[in-house]
Amino acid sequence: MTAATHSTLFPQVPETADAVLDGLDPEQREVALALTGPVCVLAGAGTGKTRAITHRIAYGVRSGRLQPASVLAVTFTNRAAGEMRGRLRQLGAGGVQARTFHSAALRQLQFFWPKAVGGDLPRLLERKIQLVADAAARCRVRLDRNELRDVTGEIEWAKVTQTVPADYPAVVAKAHRDAPRDPAEISQIYAMYEQLKRDRSVIDFEDVLLLTVGILQDRHDIADQIRNQYQHFVVDEYQDVSPLQQRLLDLWLGDRDNLCVVGDASQTIYSFTGATPDHLLNFRTRHPGATVVKLVRDYRSTPQVVHLANGLLSQARGRAAEHRLELISQRDPGPDPVYTEYADEPTEAEGTARRIRDLIAAGVPAGEIAVLYRINAQSEVYEQALADAGVPYQLRGAERFFERQEVREAGIALRGAARAGGNDSLLDDAEDLPAQVRAVLSTKGWTSQPPSGSGAVRDRWESLAALVRLAEDFARARSGATLSDLVAELDERAAAQHAPTVQGVTLASLHSAKGLEWDAVFLVGLTEGMMPITYAKTDEQVEEERRLLYVGVTRARLHLTLSWALSRSPGGRASRRPSRFLKGLRPGSGSLGTVASGASGSFERGAASGRRKPRGPVLCRVCGATLTEAGAMKLMRCEDCPSDMDEALYERLRDWRADQARELGQPAYCVFTDKTLMAIAERVPATGGELSSISGVGARKLDRFGADVLAICAGEDGGAGLDES
């Protein structure tokens with residue numbers, strides 16, 4: 001056995017079945033030993049549920065009580081299935097099937113189709129959106145790209161909830177579902193979509209489950225053949241099972257009860273896709289003799305983080321809340337959660353970026369830090385703030401703001417309107433820059449009122465609304481700014497954020513963060529209207545928003561910061577309120593029964609996040625006007641005031657920056673932004689003190705790059721010592 005075999009990359013396979021149980025806590029061990037009959041594992045966040053169920057399967061196989069080929073473990077993502085297969089191999093149980101529901105059903109469908117139906121299985125449609133577009137056209141319904149995505153999502157929801165086209169309007173009304181179009185219209189498109197699939201001999205991913213269910217219901221011989229092969233079933237993330245998946249699982253089982261399910265009703269956050277915790281909550285009713293094991297030892301998060309997570313759920317209402325788990329941290333104590341109130345959104349983003357920079361300087365890897373928000377449109381201000389702070393970042397589950405299709409289209413439209421100037425009739429009645437932007441973006445889907453519900457149409461509107469808000473802020477900061485000025489500002493922001501993706505801080509929506517964890521998590525934008533989201537109307541929708549925040553809290557291992565802004569833009573009216581979910585949890589937020597007595601953590605106002613000293617207005621060094629725009633403040637002059645920049649010095653600094661970025665493996669803006677280099681080339685600092693007075697040159701960058709920059713400013717190649725005099 002080589003040394004590498006004993007490394008974490010190649011762990012040693014346990015020598016015996018009993019050795020598989022080594023290292024399990026009492027509850028995990030109870031799961032592993034419960035090899036027969038129905039088993040329900042209620043597993044809280046960070047409690048080692050995957051460890052428990054993989055050791056259960058491995059122990060059964062290694063002890064000879066389970067045959068590897070007789071076990072089918074199903075989960076919801078290819079990543080989770082792959083992780084499960086990898087762990088089983090490491091435990092010496094490599095022959096076990098671990099798949100997603102769709103993968104397992106497709107495998108069976110491909111094998112049994114010739115016998116059950118005859119001929120070849122119809123072609124699987126990889127993307128159904130074009131077929132939905134064709135169906136809408138046949139129905140003479142015009143859908144734009146985002147409406148098309150939303151209607152496609154509705155058809156998927158209808159199919160996984162086993163709703164046929166004719167029943168769709170009634171089912172939507174009964175479920176209080178906010179349909180993206182008239183339900184009768186969607187029903188018509190749905191029926192035509194199904195007809196077109198038959199005409200073209202294709203099936204979609206939902207059909208894979210539906211057809212497998214149909215064959216198992218109609219052909220008892222095939223059902224018996226599958227049941228003879230698979231004797232034991234394990235279902236991970238059982239709270240996310242849809243009615244259709246549950247129907248397939250019932251048919252796989254038949255009249256047997258060798259089923260182990262694992263889930264947590266408090267992490268049900270995908271009801272919009274058809275997921276429901278009802279099957280998990282009803283498990284003991286359906287299986288009265290079931291073994292029930294609760295995993296509550298949290299190995300991920302500190303007691304401080306766990307205390308907050310428990311407090312958040314203690315306020316929950318509804319059926320899922322009745323089955324909540326009280327987690328018990330197994331880690332050493334850590335820092336208290338930090339609650340920070342900011343004056344406005346840009347200040348919140350800048351404060352978050354500074355905290356992140358401090359954590360990185362203290363030794364926390366950038367890849368172990370995440371900023372989590374409710375909707376993807378919130379990412380832009382954090383992308384900008386991190387870029388300005390020189391912190392590398394990566395987006396998960398979404399494109400960078402300026403790379404989104406709707407933002408690119410908006411940019412093209414704004415650029416065209418700027419070129420046309422007074423010749424564009426669209427701008428005839430627009431009195432100022434924000435009005436011009438609103439007029440242009442109204443042709444791209446922006447409206448003064450947001451569309452109802454969630455989905456792609458809402459996402460598109462949020463992106464366009466973010467551009468409108470940016471235009472309003474820009475006009476407020478730069479009196480007399482034109483549409484051309486705004487387009488130039490957008491281009492500069494886009495250029496700064498189009499750097500190659502690097503290993504850095506993760507920016508992600510709360511939904512896309514499920515299943516992940518980081519050392520430090522920043523939960524931002526926690527205001528009423530965003531958390532819970534404004535279109536969460538019913539009690540159950542609001543409770544799902546609470547569970548979404550709970551998922552966000554439980555992503556943190558050690559550091560947790562929760563923040564909100566009282567207004568959208570600088571100088572705006574402080575009319576926003578912190579999320580209702582934080583009441584009784586954050587210090588000084590009032591009492592909610594027993595919760596307030598356990599409120600812990602530090603509460604800070606925006607100034608606390610900024611270690612900057614209070615300062616007066618920043619004046620243009622050319623004309624003396626007050627500066628409000630960040631780029632102008634960095635240059636210490638109005639954008640349109642004459643520049644005395646040393647062009648040759650600026651080019652030398654850019655060349656040096658490119659070399660540094662290559663050496664560090666980071667985007668150029670992480671060394672210094674263009675505006676900072678321009679400011680250096682204009683002011684030509686001769687000492688460390690003069691260099692540090694330039695915005696964008698903090699203590700860390702002064703220490704790291706100061707000697708080189710001063711040497712370049714002095715006409716040398718770099719490497720001179722720092723003179724702090």
Side-chain angles (χ1 to χ4, degrees), residues 57 66-78 80-82 84-85 88 94-132 134-135 152 155-166 190-236 241-256 258-259 274:
I57 295 170
L66 301 179
Q67 294 302 310
S70 73
V71 180
L72 177 59
V74 288
T75 187
F76 286 84
T77 67
N78 289 321
M84 196 177 292
R85 286 193 296 271
L88 288 169
V96 173
Q97 291 289 320
R99 296 179 174 274
T100 64
F101 270 99
H102 282 87
S103 172
L106 180 59
R107 196 161 177 259
Q108 294 171 15
L109 195 61
Q110 290 169 330
F111 185 82
F112 289 110
W113 185 267
K115 178 179 179 180
V117 181
D120 295 329
L121 180 69
R123 179 173 61 87
L124 181 62
L125 200 61
E126 292 293 333
R127 296 180 71 250
K128 60 173 68 71
I129 199 162
Q130 184 56 55
L131 202 60
V132 176
D134 293 346
T152 300
I155 291 174
E156 291 173 351
W157 175 83
K159 297 184 76 165
V160 301
T161 56
Q162 303 177 83
T163 303
V164 298
Y190 179 14
M192 180 57 69
Y193 167 77
E194 292 297 319
Q195 180 62 51
L196 288 178
K197 283 202 289 103
R198 289 191 291 271
D199 294 345
R200 300 178 187 183
S201 298
V202 295
I203 60 175
D204 60 28
F205 276 99
E206 289 72 40
D207 290 331
V208 170
L209 301 183
L210 284 163
L211 290 169
T212 306
V213 165
I215 288 175
L216 295 181
Q217 287 179 160
D218 296 342
R219 293 290 301 267
H220 298 293
D221 57 330
I222 292 176
D224 288 341
Q225 192 172 340
I226 290 176
R227 290 166 190 160
N228 285 335
Q229 177 175 353
Y230 294 117
Q231 306 289 323
H232 302 271
F233 296 86
V234 177
V235 184
D236 192 15
V241 165
S242 71
L244 179 56
Q245 290 164 332
Q246 181 61 46
R247 180 64 185 136
L248 177 59
L249 181 60
D250 289 340
L251 288 165
W252 281 341
L253 275 167
D255 58 2
R256 301 165 303 169
N258 279 329
L259 170 65

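Residue indices begin at 1 and follow the sequence shown.
- Taking the side chain to side chain contact (heavy atoms under 4.5 Å, CB included) definition, one finds that D120 meets it with nothing, sequence neighbours left out.
- If you take CZ on R227 and NE2 on H220, they are separated by 8.5 Å, rounding to the nearest 0.5 Å.
- Residues I222 and A116 come closest through the heavy atom pair CD1-CB, 3.7 Å.
- Residues R85 and V96 fail the side-chain proximity criterion, which asks for heavy atoms closer than 4.5 Å.
- When all heavy atoms are compared, the tightest approach of A105 to L209 is CB-CD2, 3.7 Å.
- To the nearest 0.5 Å, atom CG of residue L259 and atom CH2 of residue W252 are 11.0 Å apart.
- Not a single side chain to side chain contact (heavy atoms under 4.5 Å, CB included) links S201 to another residue, sequence neighbours left out.
- Taking 4.5 Å as the limit, every side-chain heavy atom of F205 sits out of range of all side-chain heavy atoms of L106.
- Nearest heavy-atom pair across T163 and Y190 is O-OH, 2.8 Å.
- At a threshold of 4.5 Å between non-hydrogen side-chain atoms, the residues V241 and L249 do not count as touching.
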Step-by-step side-chain contact (heavy atoms from CB on, under 4.5 Å) determination, V213 to Q162 | CA-CA 11 Å; V213 165; Q162 303 177 83; 5.5 Å; no

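- The backbone N or O of D207 lies less than 3.5 Å from a partner atom in the side chain of D204, making a donor-acceptor pair.
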Show the numbers, then the answer: is there a side-chain contact (heavy atoms from CB on, under 4.5 Å) between F76 and Q245?
-> CA-CA 10 Å; F76 286 84; Q245 290 164 332; 3.3 Å; yes

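- Atom OG of residue S70 and atom CD of residue Q97 lie 11.0 Å apart, to the nearest 0.5 angstrom.
- Remark: D250 CG is packed, more than 12 non-hydrogen atoms of other residues, nucleotides or ligands lying under 6.0 Å away.
- Note that CG of L253 and CD of Q246 are 8.5 Å apart. Values are rounded to the nearest 0.5 Å.
- Shown here for P122 and W113, the closest heavy-atom pair between the two residues is CD-CZ2, 3.5 Å.
- Across all non-hydrogen atoms, the minimal contact from A81 to A98 is CB-O, 3.9 Å.
- In this structure the side chain of R256 reaches within 4.5 angstrom of the side chain of Q231, judged on heavy atoms.
- In this structure, K197 and I203 have side chains that are not in contact, with every pair of non-hydrogen atoms separated by 4.5 Å or more.
- Here L211 contributes atom CG and L248 contributes atom CG; the two are 11.5 Å apart, rounded to the nearest 0.5 Å.
- A donor-acceptor pair shorter than 3.5 Å can be found between the side chains of D134 and Q130.
- At a threshold of 4.5 Å between non-hydrogen side-chain atoms, the residues F112 and L216 do not count as touching.
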Which is it for V74 and F233 under the side-chain contact (heavy atoms from CB on, under 4.5 Å) test, yes or no, and what are the steps along the way?
-> CA-CA 8 Å; V74 288; F233 296 86; over 6 Å; no

Please test I57 against L88 for side-chain contact (heavy atoms from CB on, under 4.5 Å), starting from the C-alpha separation and ending with a verdict.
-> CA-CA 8 Å; I57 295 170; L88 288 169; 3.8 Å; yes

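- Taking 4.5 Å as the limit, every side-chain heavy atom of Q225 sits out of range of all side-chain heavy atoms of R219.
- Note: M84 CE to T77 OG1 = 9.0 Å, rounded to the nearest 0.5 Å.
- S242 has its side chain out of reach of W157: every pair of non-hydrogen atoms, C-beta onward, lies at least 4.5 Å apart.
- Under a cut-off of 6.0 angstrom, the local environment of CZ in R198 is crowded, with over 12 non-hydrogen atoms contributed by other residues, nucleotides or ligands.
- Residues forming a side chain to side chain contact (heavy atoms under 4.5 Å, CB included) with E156 (at least two apart in sequence, or on another chain): K128, T152, E206.
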